[in-house]
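Structure, as structure tokens:
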Amino acid sequence: MSLHVLEKLAATNPECEIWWDSSPLVYAGWKERVLKDAPPEKKEAWREQLTRLFDEETVKSTGTMGFRGVTTNPPLSLQAIQVNPSFWAEEIRAIAARHKNNDVEAVYWETYLDVVRRGAAMIRKVYDTSGGKYGMVSGQVDPRFVTDGEVMLAQGLELAAIAPNVMVKIPGSKEGYEVIEELTARGISTNNTTSFTVPQYIACMDAVSRGLARAKKAGVDLSRWRSVITHMSSRLGNVGDLKAQADARGIALSPEDILHGEMAVLKRAYFHGRATNHPSKMLQCSMRVTDTGPGGTASSWHISKIAGGDFVYTCPPGYILQLMQAEDRLPAFDARAIDEEAPKAVIDKLMRIPYFRQAYEPDGMKPEEFARFGAFAATATEFAGATRKTVDFVAQAVEAAQQRAA
């Protein structure tokens with residue numbers, strides 16, 4: 001049996017988890033497109049690998065899958081809608097008619113909840129079979145409200161009410177951590193997203209700890225509660241202010257320097273969690289493959305440099321395909337990689353940059369600064385833009401329904 005790259009990664013630690021970073025609704029179609037374009041000598045091996053990772057019939061019959069969970073967000077849900085636009089246009093019209101509500105924003109939110117509901121139902125048996133350990137689907141509150149605690153809490157409660165295997169994604173703002181504490185106190189599983197820095201991760205762990213203390217005092221059932229904390233790796237080094245601040249100071253950063261910095265931040269948070277025996281699990285996302293092309297070398301430090309740790313890795317379709325295309329040129333995983341430290345000279349250089357100090361030092365930022373951090377602001381803006389596109393798709397469907405009814 002030929003193992004997928006991600007199966008090899010999972011073998012470095014029995015507590016490691018590989019998640020699918022998209023709606024389960026799109027997996028079958030994506031798989032067939034990958035196999036259609038697969039090299040002939042790889043096609044059957046890839047078919048077996050991708051079937052082991054996720055197969056709807058296997059889930060229905062055995063309650064098992066290679067993926068341990070699923071993450072979604074509004075941009076990913078837009079992709080699910082775009083795969084089958086005619087179906088979703090009809091669903092949106094039905095939602096609007098059922099609620100007798102042409103409020104586009106309200107219909108949009110109901111549509112998003114429906115995407116999450118369908119995804120959660122697809123893998124619910126995995127959740128039940130594993131006793132709640134696996135089979136969760138993350139649903140995210142609206143990225144346009146990252147500092148509005150009241151809206152985020154209300155939406156988080158709606159998401160959690162969909163099914164017991166829905167985990168609520170909350171952004172790493174000051175207000176987001178207040179919501180995470182409240183949801184935790186109610187026994188609701190959370191995924192801290194739009195998070196990049198050690199100060200955020202410590203704030204999240206502290207919020208979770210306060211919430212757990214409240215839950216235990218109130219006698220809340222926590223037997224199936226989970227918490228994951230997302231590190232958006234390549235976004236930390238590439239969509240914020242790191243490069244601009246380095247250039248302004250005459251500091252030359254190589255791609256490897258940036259990767260070392262991204263991984264150093266994650267490792268610092270990871271070992272803080274282990275030292276404090278914190279129940280939250282670090283989740284690695286926003287990974288990239290460095291590939292010099294056919295005949296050359298390939299690598300993905302975002303996973304290889306932390307091999308051996310008990311992380312969650314949530315992998316989007318494009319990244320999984322990149323790994324498959326480069327699999328013969330990727331080095332073997334070293335289960336001791338998690339214990340390797342970045343070169344001191346690289347960290348010393350990065351520490352001359354305020355942006356990196358904010359991300360790396362435990363007290364690098366105060367909570368009220370989280371939403372102004374470069375990577376946070378850029379990512380929140382991007383996610384809000386994708387949300388507006390989904391809202392516009394909903395608006396077009398509602399308008400079409402109105403025109404037909406006129």
Check: Going by atom types alone, do Q284 and S233 pair a side-chain donor with an acceptor below 3.5 Å?
Finding: yes
Notebook entry, point to check: Below 4.5 Å, heavy atoms only, C-beta onward: do E182 and R214 meet side chain to side chain?
Noted result: yes
Margin query: Please verify the inter-ring angle class for W109 with Y112; under 30° counts as parallel, over 60° as perpendicular, anything in between as tilted.
Written below: tilted
Margin query: Nearest 0.5 Å, please: how far is CE in M136 from CD in E17?
Written below: 10.5 Å
Next item on the list: Keeping the roles fixed (side chain from T62, backbone from V59), state whether a donor-acceptor pair exists under 3.5 Å.
Entry: no
Note to self: Looking at every heavy atom in both G187 and L222, which two are closest together, and how far apart are they?
What the structure shows: CA-CD2, 3.8 Å
Margin query: Treating T129 as the side-chain partner and V126 as the backbone partner, does any N or O pair qualify as donor plus acceptor under 3.5 Å?
Written below: no
Note to self: Can you tell me how far apart CZ (F373) and OG (S195) are? Round to the nearest 0.5 Å.
What the structure shows: 11.0 Å
Notebook entry, point to check: Do S280 and H278 have side-chain atoms, one donor and one acceptor, less than 3.5 Å apart?
Noted result: yes
Note to self: Restricting to non-hydrogen atoms, name the atom on C16 and the atom on Y313 that form the minimum distance, rounded to 0.1 Å.
What the structure shows: SG-CE1, 3.4 Å
Notebook entry, point to check: Can N191 and T193 be counted as having a side-chain donor-acceptor contact under 3.5 angstrom?
Noted result: no
Next item on the list: Decide yes or no for E256 and W301: does some side-chain heavy atom of the first lie under 4.5 Å from some side-chain heavy atom of the second?
Entry: yes
Notebook entry, point to check: Any sub-3.5 Å donor-acceptor pair from T230's side-chain atoms to N192's backbone N or O?
Noted result: yes
Notebook entry, point to check: Could you state the interatomic distance from OG (S2) to CZ (R52), rounded to the nearest 0.5 Å?
Noted result: 7.0 Å
Margin query: Tell me whether K133 is salt-bridged to E15, with the criterion being a basic N under 4.0 Å from an acidic carboxylate O.
Written below: yes
Next item on the list: Verify the ring-centre separation between F370 and F376: is it less than 6.0 angstrom?
Entry: no
Next item on the list: Taking all non-hydrogen atoms of both residues into account, name the closest pair between D128 and R224 and its distance.
Entry: OD1-NH1, 3.9 Å
Item checked: Non-hydrogen atoms of G135 and Y127 that approach each other most closely -> O-CB, 3.8 Å
Notebook entry, point to check: So does K243 pair up with D247, basic N to acidic O under 4.0 Å?
Noted result: no
Note to self: Quick check: do C315 and M287 have side-chain heavy atoms less than 4.5 Å from each other?
What the structure shows: yes
Check: Under a 4.5 Å cut-off applied to non-hydrogen side-chain atoms, are P279 and L212 in contact?
Finding: yes
Notebook entry, point to check: Do S173 side-chain atoms and V146 backbone N/O form a donor-acceptor pair below 3.5 Å?
Noted result: yes
Checklist line | R268 NZ/CZ over Y360 ring centroid, <6.0 Å and within 45° of normal | finding: yes
Item checked: Donor-acceptor contact present, side-chain D257 to main-chain S254, <3.5 Å -> yes
Margin query: Go through it in stages, so that I can follow the logic: the residues are S209 and D206, the test is side-chain hydrogen bond (donor to acceptor under 3.5 Å, both in side chains), and I'd like the CA-CA distance, side-chain angles, deciding distance and then a yes or no.
Written below: CA-CA 5 Å; S209 294; D206 290 345; 5.4 Å; no
Next item on the list: Look at the side chain of Q200 and the backbone N and O of F196, then say whether any donor-acceptor pair between them is shorter than 3.5 Å.
Entry: yes
Checklist line | E327 bridged to K42 by N-O distance under 4.0 Å | finding: yes
Item checked: Note: R117-D114 ion pair, threshold 4.0 Å (strictly below) -> yes
Note to self: Can you tell me if K389 has over 12 outside heavy atoms packed within less than 6.0 Å of its NZ?
What the structure shows: no
Next item on the list: Taking S138 for its side chain and T71 for its backbone only, find out whether a donor-acceptor pair lies under 3.5 Å.
Entry: no
Check: Nearest 0.5 Å, what's the CG-CD distance between L113 and E110?
Finding: 5.5 Å
Item checked: Chi angles and distances behind the side-chain hydrogen bond (donor to acceptor under 3.5 Å, both in side chains) call for K31, T51 -> CA-CA 9 Å; K31 172 185 170 183; T51 300; 2.6 Å; yes
Checklist line | Residues R235, E382: salt bridge by 4.0 Å N-O rule | finding: yes
Check: Any idea which heavy atoms bring Y108 and T387 closest together, and the distance?
Finding: OH-CG2, 3.4 Å
Notebook entry, point to check: Is there side-chain contact between R352 and R249, with at least one heavy-atom pair below 4.5 Å?
Noted result: no
Margin query: Any side-chain to backbone donor/acceptor pair from K349 onto A252? Under 3.5 Å, distance only.
Written below: yes
Margin query: Any donor-acceptor pair under 3.5 Å linking the side-chain atoms of S23 with those of T72?
Written below: no
Next item on the list: Without swapping roles, check the side chain of Y355 against the backbone of A246 for a donor-acceptor pair under 3.5 Å.
Entry: no
Check: To the nearest 0.5 Å, what is the distance between CH2 (W46) and CE (M324)?
Finding: 4.5 Å
Check: Are any of the side-chain heavy atoms of D21 and Y319 separated by less than 4.5 Å?
Finding: no
Item checked: Atom CD of E341 with >12 non-hydrogen neighbours under 6.0 angstrom -> no
Margin query: Can a donor-acceptor pair be found, under 3.5 Å and without considering hydrogens, that links the side chain of T12 to the backbone of G308?
Written below: yes
Note to self: I'd like to check V198 versus H272 (side-chain heavy atoms, cut-off strictly below 4.5 Å). Are they in contact?
What the structure shows: no
Margin query: Under 4.0 Å between a side-chain nitrogen and a carboxylate oxygen: does that hold for E178 and K174?
Written below: yes
Check: Less than 4.5 Å apart, any side-chain heavy atom of I320 and any of W30?
Finding: yes
Next item on the list: Could you label the plane-to-plane angle of the Y27 and W20 rings as parallel, tilted or perpendicular, counting under 30° as parallel and over 60° as perpendicular?
Entry: perpendicular
Check: At their closest point, which heavy atom of S300 faces which heavy atom of L323, and how far apart are they?
Finding: CB-CD2, 4.2 Å
Notebook entry, point to check: Are H231 and Y201 linked by a side-chain donor-acceptor pair shorter than 3.5 Å?
Noted result: yes
Notebook entry, point to check: To the nearest 0.5 Å, what is the distance between CZ (F356) and CG (L253)?
Noted result: 10.0 Å
